[in-house]
Amino acid sequence: MKIIVAPDKFKGSLSAVEVCNAIENGIKRFDQSIEVIKHPLADGGEGTLAILNNYFKLKKRNVVVNNPLFKPCEATYLVSRDTAYIEMATASGLQLLSENERNCFYTSSFGTGELILDAINSGYSNIVLFIGGSATNDAGIGMASALGYEFYNSNNQLVKPIGKELINIDSIDSTNLKIDLNTINCTVICDVKNELFGSNGAAHVYAAQKGATPIEVNQLNEGLIHFSKQVELFLNHKIATIPGAGAAGGLGAGAICFLNAKLQPGIDFVMEHTNFNAIVTSDIDLIITGEGSVDKQTIEGKVVSGVAHKASLSKIPFIIVSGIAKDVMQLQKVLNPTAIYSIMDSGVSQQEAITEASKYLNDIGFHLIQQFTMNKNN
């Protein structure tokens, strides 16, 4: 028997590589002769660079930049030939701030712009920007400010590039731009399809998770609406309804406006660049995928949905494993997995499911292959 194990990380618990190893150990415990192909994946969010680094020899560059609150921090990006791979979370991520510092009303993506500028000044003409895990809701004006764009209010004063000030942008000036947009190519990798504003936009869906109060969430949404009008007026970009424009607090939209970037779903990018399709051959008996939490959002652009789509096209059964599974009936209906396994289904506490995930995934690996083999032989 030949099995592919291709999960995302279990956030806060195990890396995708560790998930692969735990499931493989369970499978091998059942039958040592089973061939297991481990292929860790990511969807474009934080941690994606670590996955790509499993497949390619990328070099690391360290840069001191501004964190989301304009305090110095060391951030890294990876390079290969003429391409820089930048994960915005390393400079502008939520994990850089303590709980009481988190509020996207006041944070900025300025540090991400500094990383991009460093890469361009270092001769990397292709920029691949991964925009998950942000602490921001500034529509990328922080990033743009680091690149030389200037934003002015109605009193012709420079606007501080934070989410709170989006509503005050009266003009946009690119006279002092530090880069030549004609000499670079930028691709933005994101894991969500949210539009810039509205009920499914950056502020209403994500700002509360980043510390904004209900009043601030509404103000941020109004700021994003205003921002979209100003970039259409000054930069001739219509970004309001583009899927993914609302990713990373609107950085998806900002990258389009300020870098002429193209958006690409993260799972598509990672599967393509790690040659996932090449290993899904006719002699594969089963594909196992998963992530820490699966629910109805899993259907939209996540690792599990990407693997499910490929498995369906190839007519190969697949199984989902997770720490916790919600909206199971919807997942079954839309993705049609052979089975869904969850650590929490075994009755353990959430804390134990996180700290002992490797052990429980080992057990799930054993039981799922036992059940799959039994059904296959009947």
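The model shown is predicted, which means the values in this text are computed figures rather than measured ones. Quick note: residue numbers are just sequence positions, from 1.
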With the side chain counted from C-beta on, respond yes when [X] and [Y] share a heavy-atom pair under 4.5 Å apart, and no when they do not.
X	Y	result
Phe227	Leu196	yes
Lys28	Asp31	no
Val65	Leu115	yes
Ile215	Asn218	no
Ile287	Val307	yes
Ile4	Ile288	no

State, without any angle test, whether [X] and [Y] hold a side-chain donor-acceptor pair at a distance under 3.5 Å.
X	Y	value
Asn168	Asn153	no
Tyr55	Asn275	no
Lys160	Ser145	no
Tyr152	Glu150	yes
Thr76	Arg61	no
Gln332	Asn336	no

Per the side-chain hydrogen bond (donor to acceptor under 3.5 Å, both in side chains) rule, which among Thr112, Thr107, Asn66 passes with Ser92? Thr112

Residues forming a ring pair (Phe, Tyr, Trp, His ring centres under 6.0 Å) with Phe258, sequence neighbours excluded: Tyr149, Phe151

If you draw a 6.0 Å radius around [atom1] in [X], do more than 12 non-hydrogen atoms from other residues or ligands fall strictly inside?
X	atom1	answer
Lys164	NZ	no
Lys2	NZ	yes
Asp82	CG	yes
Lys229	NZ	no

Any donor-acceptor N/O pair, [X] side chain to [Y] backbone, under 3.5 Å:
X	Y	value
Thr298	Asp295	yes
Asn194	Asn200	yes
Asn221	Val217	no
Ser174	Leu177	no

Should [X] and [Y] be regarded as members of a common hydrophobic cluster, given that ILVMFWY residues are connected when their side-chain heavy atoms come within less than 4.5 Å of each other, either directly or indirectly?
X	Y	value
Ile256	Met88	yes
Leu96	Leu94	no
Ile141	Ile172	yes
Leu263	Leu129	yes
Ile51	Phe276	yes

If I take atom [atom1] from residue [X] and atom [atom2] from residue [Y], how far apart are they, to the nearest 0.5 angstrom?
X	Y	atom1	atom2	answer
Leu14	Ile354	CG	CD1	10.5 Å
Ile179	Ile127	CD1	CD1	8.5 Å
Leu224	His204	CG	NE2	9.0 Å
Glu195	Lys193	CD	NZ	12.0 Å
Met1	Phe30	CE	CZ	7.5 Å
His237	Gln230	NE2	CD	14.5 Å

When the side chains of residues 16-27 are checked against the rest of the protein, which donor-acceptor pairs come out under 3.5 Å, sequence neighbours left out?
residue, atom, partner, partner atom, Å
Glu18, OE1, Ser15, N, 2.8
Glu18, OE1, Ser15, OG, 3.4
Asn21, OD1, Lys38, NZ, 2.8
Asn21, ND2, Val17, O, 3.4
Glu24, OE1, Lys38, NZ, 3.1
Asn25, ND2, Asn21, O, 3.2

Checking Leu220 against Cys104 for the side-chain contact (heavy atoms from CB on, under 4.5 Å) test, could you report, in this order, the C-alpha distance in whole Å, the side-chain angles of both residues, the deciding distance, and whether it holds? CA-CA 9 Å; Leu220 286 168; Cys104 60; 3.8 Å; yes

Stepwise, does the side chain to side chain donor-acceptor pair (under 3.5 Å) test hold for Lys210 with Ser134? CA-CA 8 Å; Lys210 304 174 187 179; Ser134 75; 2.7 Å; yes

Is any NZ, NE, NH1 or NH2 atom of the basic residue among [X] and [Y] found under 4.0 Å from an Asp or Glu carboxylate oxygen of the other?
X	Y	value
Lys71	Glu101	yes
Asp8	Lys302	no
Lys376	Asp285	yes

Step by step, would you call Asn53 with Tyr85 a side chain to side chain donor-acceptor pair (under 3.5 Å)? CA-CA 10 Å; Asn53 218 12; Tyr85 300 90; over 6 Å; no

Looking at every heavy atom in both [X] and [Y], which two are closest together, and how far apart are they?
X	Y	answer
Ala353	Val348	CB-CG2, 3.9 Å
Ile299	Val334	CG2-CG1, 3.6 Å
Ala135	Leu97	CB-CD1, 4.1 Å

Check the orientation of Tyr77 and Tyr124. Use parallel for under 30°, tilted for 30 to 60°, and perpendicular for over 60°. perpendicular

Centre-to-centre under 6.0 Å for Phe130 and Phe269, is that the case here? yes

Side-chain donor/acceptor pairs under 3.5 Å, residues 319-329, sequence neighbours excluded:
residue, atom, partner, partner atom, Å
Ser322, OG, Ile324, O, 3.4
Ser322, OG, Tyr341, O, 3.3
Asp327, OD2, Lys296, N, 2.9

Does the pair Asn375 and Gln371 meet the rule for a side chain to side chain donor-acceptor pair (under 3.5 Å), with working shown? CA-CA 6 Å; Asn375 293 340; Gln371 188 65 48; 3.2 Å; yes

